[in-house]
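Remarks on the structure that follows.
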Amino acid sequence: MSSLLLKGGRVVDPANGRDGVFDVLIKHGLIARVEPAISPNGAEVVDASGKLVTPGLVDLHTHLREPGREDKETIQTGLRAAVRGGYTTICAMPNTDPAMDSPGVVEFVQQAAGRAGLAAVKPIGAITVGRQGKDLTEFGELFEAGCVGLSDDGHPVADALLMRRALEYARVFGRPLIQHAEDPVLAAGGVMHEGLVATTLGLRGMPAESESVMVARDLALAALTGGWLHVAHVSCGQSVQLIREAKRRGVRVTCEVTPHHLALTDEAVGTFNTHAKVNPPLRPEQDRRALIEGLCDGTIDCIATDHAPHTAWEKDAEFDSAPFGISGLETALSVCVAMLVIPQTLTWPQLIEKMSRAPAALIGAEAGTLNIGAPADLLLIDPDARWTVEPEQFASKGRHTPFAGRQLPARVARVWCRGTEVTGR
Ligand code: DOR
């Protein structure tokens, strides 16, 4: 593999406290040097001036759909979408068919991901067999096969005793249990947030408490067991406050927020827009503000997409019957720049931290940094670009996004995975 020199870009590498103009030399797929001025010495030179050079983004929460629902997404199309969005590592959620509840399915996903040669894939195994919420999977075998965490995402682990046992069991391996925090009885039949908008539309709502009640229970169980609870896609202020207090008490808890929950409210459902139908649902403005506050004060550890592709025929149905989910990989970075960097709520280094190093640290991945000797997973971002979201241009098979037609700032210009340039086209 030849060497590559990215010259004169603004290097944003929060892991090394770097934010300034540097040259970056890549050799044999690894970061070789990061210095103010490096002479090419035969390396291919890329002019990075006016661009940001950052570690590749890391997504803790991607639904790839393969095996089982290749009409919604394949590993190949999902990973193309990932690199287009600037993600060089993603975690694959286990709600496939069959569910990722045994080493065989984990191996299948890893092999297909290896063949794609795009973003690296870190599997998340299921907590319960078939994600049925009854019997625990063989955690040891799943971690041995390469899983970096476990989740029944799409469903909560509703049974408190089972969750207690799962936290105790996972603790032995030092890996997180990723809970889709939802009380299924309180949320039953709901298709959006319970509030004024739902009432006006005549739709059945899910109260914020259907999330926060489960968060409160799980925090108590994490405190009891010492197990590591990671709360997926936190959506409301009550949950943020509970997690904030638990962290202060020393409970082992981490959590993530999605770009769509940071950017939108339940008003986005408008007149039955199924492309804004997601679980947990978009909440009112005060919750959105609480999420941003939680992200800024460190209560929320990182940003994750919850990329959830579906077919057009499923999504373009009446609101009640359309599935939950937003295709998020290709808009995540720009949405976060629009919501957080442009209003000066976060700096570029703080945003890159929340989208690369922080999630990489949670799963123990060698990613999210431009450390010397680290795999050369990195991005060239044009911070001044403006583009319009055209879902028909997505690499993902999922074309449903509440951001369709929006003008967004900043665009991923070039992506390297382990030193090789990838395009996602
Ligand atoms: O909106 C969602 N879609 N939320 C989830 O938790 C699951 C996901 C899916 O798999 O479609």
Side-chain angles (χ1 to χ4, degrees), residues 59-75 77-78 81 90-101 109 123-128 130-131 133 149-158 177-184 187-188 190-193 205-206 210-211 214-215 218 230-236 239 255-264 266 268-269 273-283 304-317 319-329 331-332 396-403:
D59 191 21
L60 286 189
H61 200 134
T62 301
H63 295 278
L64 286 177
R65 307 300 190 204
E66 188 181 350
R69 286 306 303 266
E70 293 81 356
D71 52 337
K72 292 178 193 267
E73 192 82 291
T74 63
I75 290 170
T77 58
I90 61 107
C91 294
M93 278 296 169
N95 59 340
T96 47
D97 187 10
M100 208 155 26
D101 62 0
V109 170
I124 307 282
I127 298 173
T128 67
R131 296 173 50 254
L150 300 176
S151 180
D152 273 1
D153 186 66
H155 298 148
V157 177
L177 277 194
I178 303 166
Q179 172 73 305
H180 172 118
E182 175 184 309
D183 181 307
V191 291
M192 67 174 295
H193 173 73
M206 293 181 247
S210 59
E211 176 178 289
M214 191 57 98
V215 169
D218 287 344
H230 179 85
V231 186
H233 41 52
V234 170
S235 73
C236 68
S239 303
C255 66
E256 69 196 31
V257 65
T258 72
H260 47 268
H261 289 105
L262 291 170
L264 301 172
D266 53 348
V269 172
N273 180 8
T274 56
H275 294 202
K277 180 176 176 182
V278 66
N279 190 13
L282 300 170
R283 306 280 186 193
T305 67
D306 195 6
H307 174 78
H310 295 289
T311 60
W313 67 265
E314 288 168 305
K315 244 345 215 184
D316 295 336
F319 200 89
D320 275 331
S321 51
F324 293 101
I326 288 172
S327 186
L329 283 169
T331 54
S396 171
K397 289 191 181 187
R399 304 283 160 87
H400 41 283
T401 166
F403 302 108

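Every number for a ligand or one of its atoms is a count from 1 in the order of the listing.
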Q: Indicate yes or no for a side-chain donor-acceptor contact from Lys315 to the backbone of Lys277 under 3.5 Å, with no hydrogens or angles considered.
A: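 Side chain of Lys315 to backbone of Lys277: a pair is present.
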
(Q) Under a 3.5 Å distance rule, please check whether Asp59 uses its side chain to pair with a backbone N or O of Thr305 as donor and acceptor. (A)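 Yes: the side chain of Asp59 pairs with the backbone of Thr305.
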
Q.
Whether the Thr311 and Asp71 side chains hold a donor-acceptor pair (N or O, under 3.5 Å, no angle test) is what I'd like checked.
A.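 Per modelled atom types, Thr311 and Asp71 side chains form no pair under 3.5 Å.
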
Q) Side chains of Asn95 and His155: donor-acceptor distance under 3.5 Å anywhere? A)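 No pair is found: no donor N or O on one side chain lies under 3.5 Å from an acceptor on the other.
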
Q: Assign the ring pair His233 / His180 to parallel, tilted or perpendicular, where the plane angle (0 to 90°) is split at 30° and 60°.
A: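 Rings of His233 and His180: perpendicular, as their planes differ by over 60°.
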
Q: Could you check which of Thr96, Asn279, Ile326 puts a non-hydrogen atom nearest to atom 5 (C) of ligand 1?
A: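 The residue whose heavy atom sits nearest atom 5 (C) of ligand 1 is Asn279.
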
Q.
Measuring from atom 11 (O) of ligand 1, which candidate in His61, His155, Arg65, His260 has the nearest non-hydrogen atom?
A.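 Going through His61, His155, Arg65, His260 one by one, Arg65 has the nearest heavy atom to atom 11 (O) of ligand 1.
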
Mark the output for [X] as yes if a heavy-atom distance to ligand 1 is under 4.0 Å, and as no if none is.
{"X": "Pro323", "result": "no"}
{"X": "Lys277", "result": "no"}
{"X": "His233", "result": "yes"}

Q. Where is the nearest protein heavy atom to atom 3 (N) of ligand 1: which residue, which atom, and how far?
A.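 Going atom by atom, the protein heavy atom closest to atom 3 (N) of ligand 1 ends up being Phe324 O, 3.2 Å.
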
Q | Qualifying residue for side chain to side chain donor-acceptor pair (under 3.5 Å) with Glu73, from His63, His307, Lys397 | A |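 Exactly one candidate clears the test, His307.
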
Q | Val278, any N or O under 3.5 Å of ligand 1 N or O | A |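 Val278 vs ligand 1: no N/O contact under 3.5 Å.
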
(Q) When you compare ligand 1 with Pro280, is there at least one nitrogen or oxygen pair between them that comes in under 3.5 angstrom? (A)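 So ligand 1 has no N or O lying under 3.5 Å from an N or O of Pro280.
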
